[in-house]
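Okay, structure first, notes after.
Convention: sequence-line order gives letters A, B, ...; per-chain numbering from 1.
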Amino acid sequence: AAMKCVLGGAQLRVFGRAIHAIARISDEFWFDPVEKGLALRSVNSSRSAYACVFFSSMFFQHYCWTAVSQPCQEEKQLSLPCKLIIKSVLPVFRCVNVLERNVEKCSISTNPNDHHITFQLLCRHGVVKTYNLTFQECDPLQAIFAKHMCPNILKVHSRLLADVMIHFPTSQEEITLSVTPMKVCFKSYTEEDTDFSRTMLTEIQLSPEEFDYFQVGVDSEVTFCLKELRGLLAFSEATSVPVSIHFDRCGKPIAFSIEDLLLEASFILATLCEAEKEAASPEPACCPQPWDSKADTAASKKSQQKENTPRRDSAKTPSALAKQEVKSIPRGTERDVPGRAGAATAEAAGGKATETPYEKNSYLYKYCIFQFHSLFFGAVSDKEEAIGDTFQSLVTASDTEEDFGALQSSQV
Amino acid sequence: MRFRAKIVDLACLNHFSRIINTIARLAKTCILRLTVCKLYFILSDKAANGGASMWCELSQGNFFDEFQMEGVAAEHNEIYLELVPENLSRALKTAQSAKAVKIKLTNKHCPCLRVAVELPSLSSSSRIVTHDIPVGVIPRRMWNDFREPSVPDFDVSIYLPVLKTMKSVVERMKNLSNFIVIEANLSGEMNLKIETDLVSVTTHFKDLGNPPWASEDGCQSSPQGRDLESMAEACIDIKKLQQLLAGQQVNPTKALCNIVHKRIVHFILLHEEVSLQYFIPAIA
């Protein structure tokens, strides 16, 4: 597909912040123009964080999208997303606050024939900056997360969240959100082997009254990566749209999202899954099964944070992501084929408790990943398809149309 | 051993935070000594600090609305804690608009200073931010290591120039050299000198004034017999001097230094409620 859109100065600020927010997740992102708007998506290498920002066509001063039929495609395909390296795009939106003042218009256009995306900034004094970036074609990326199934929902202005996070040091990696119907608490994450004599711990207690919407169906304590979230917080401050937090018990993903008429953004983060709690929980399915390669990806999030983790060739491990039967698909076919979420390779690393990925030891899988759905488009991708013989379907919510709607409501 | 204190007044809180910020710049780890009337921040002159040492003293009544402490024993009613002042600085940083700040010595997993900041919120109940700062309790047998340093037998004592000016001079010199020579005489003249292979720079200050020091027996101390023009100098680590000056956010009431020729420079910065002494040894 070919797309051309134009952004004005004020919109640039929001768009630039979105790019910066996504940059916190990964080095590359999916640039996915569709008829109704432009989606930017990213997933980190350990599949424990996913971001999607969708700008509806109305967000732009001008948005034009045309389908281009590709004769080599078997199926009628509406669009193919492409992947860009964040580092190439970030300079375009470097000083977001300054951008607004100096840039009159920014136009973004894609040229699928020669695999280029062009960002053109029309600045003051007649200066025109043009950035031509190459993209890689890739499998689409989309996460499925049934927000409506979450028992706990909080809605709050981004200012409050920023005020809370400011009390934690910028180096703080993980924080724990603990809720009961009576109180909400954000605290530094600690585990059994934390050296308390060396670590400063911070805890913030809030009353439910501070939230615009407060629903706690189940007392829970979830731990997630703060670093990845900070991007969304900065972005939501630019838009001044309230932030919704959907979550469940520990181990299940937590979603931070903002939504208004012009844009929707979701950051979905995996949460720490404690083995004891996992055993007690009636639905263990969110955590990967012992033998699965998904264990590698789950463990790799933890081990990425530790030094000296042995790196294993990801080609050896079967596909990290399960497929789920899907009723309706925005594009492509309903094919019963296991997919892979794009080319971001999961680095399988040793992890804390184990050496091999196939040990039947649930302590290994500290992090739970949420499900990705990937659609397979035949010969399009030139990436090696390391498809395992067996795969496991992660049981999440229902596979109704609403699942897609949870994130991509404006997608066809 | 018990300690519990509370600050309610915002001005006191900000002042206390500023002092902690200054201390945090001078020492990575230091000793907090608590007595019934005073708090002391102490850095002893171990090699790990590059030989620099610090003594900062404040009266608790000037800052705290409530202050209760119980020392290790009745006849030794003091508490010595080792802590990282940067942690305390960070805990107080976001308390700018606090309704109250409470500090308490606790021992949950390990001895900690618990700083609880009560912040205003949009709802009826306040927001409470709690920081647990790990501390080490110093046993009584080691207290002697942390006694107040005595004023050295100096050769020259002189008031410092306006700190802001001195700071910008030192900061620029820091780009050129790792060491700086401070020299001064009893005629109110001070020079800051750096010398490298390529360049030497000297900044001259005049009419600074020399503080009068009376010795114990009432007579003027030995510098009286000294030639007024003769300079006493010491070559010190420029970074330490820069850190001292950078940490001063408010102009002190009095700022002076005592120079022991080629041995040590003793800085004294006096504010209304707090006094700070900092010793920087001369490089051989």
Can you name the nearest heavy-atom pair linking B/R90 to A/F168, along with the distance? NH1-C, 4.3 Å

Counting only non-hydrogen atoms closer than 4.5 Å, does A/P169 touch chain B with its backbone (N, CA, C, O), its side chain (CB onward), both, or neither? both

d(A/M200 CE, B/L83 CG) to nearest 0.5 Å is 11.0 Å

Does B/K99 NZ have over 12 foreign heavy atoms under 6.0 Å away? yes

If you count heavy-atom pairs under 4.5 Å between each of B/S126, B/A116, B/C110, B/G136 and chain A, which one has the most? B/C110

For B/R18, is the CZ atom crowded, meaning more than 12 foreign heavy atoms sit under 6.0 Å from it? yes

Using modelled atom types only, decide if a donor and an acceptor are shared between the side chain of A/E209 and the backbone of B/S124 within a distance under 3.5 Å. yes

Within residues 153-166 of chain A, which residues come under 4.5 Å of chain B, heavy atom to heavy atom? A/L160, A/D163, A/I166

Measure the CD-OG distance between A/E210 and B/S125 for me, rounded to the nearest 0.5 Å. 7.0 Å

One option among B/A91, B/S121, B/C112 has the most heavy-atom pairs under 4.5 Å with chain A, and it is B/S121

Can you spot which of B/L119, B/T130, B/V117 makes a side-chain contact (heavy atoms from CB on, under 4.5 Å) with A/H167? B/L119

When you look at B/I128 and A/I204, which way does the side chain to side chain contact (heavy atoms under 4.5 Å, CB included) test go after all the steps? CA-CA 6 Å; B/I128 314 265; A/I204 296 132; over 6 Å; no

Which atoms of A/T199 come close to chain B, meaning under 4.5 Å heavy atom to heavy atom: side chain ones, backbone ones, both, or neither? backbone

Does atom NZ (A/K183) have a neighbourhood of more than 12 heavy atoms from anything else shown, all under 6.0 Å? yes

CZ of B/R127 to OG of A/S207: how many Å apart, nearest 0.5 Å? 9.5 Å

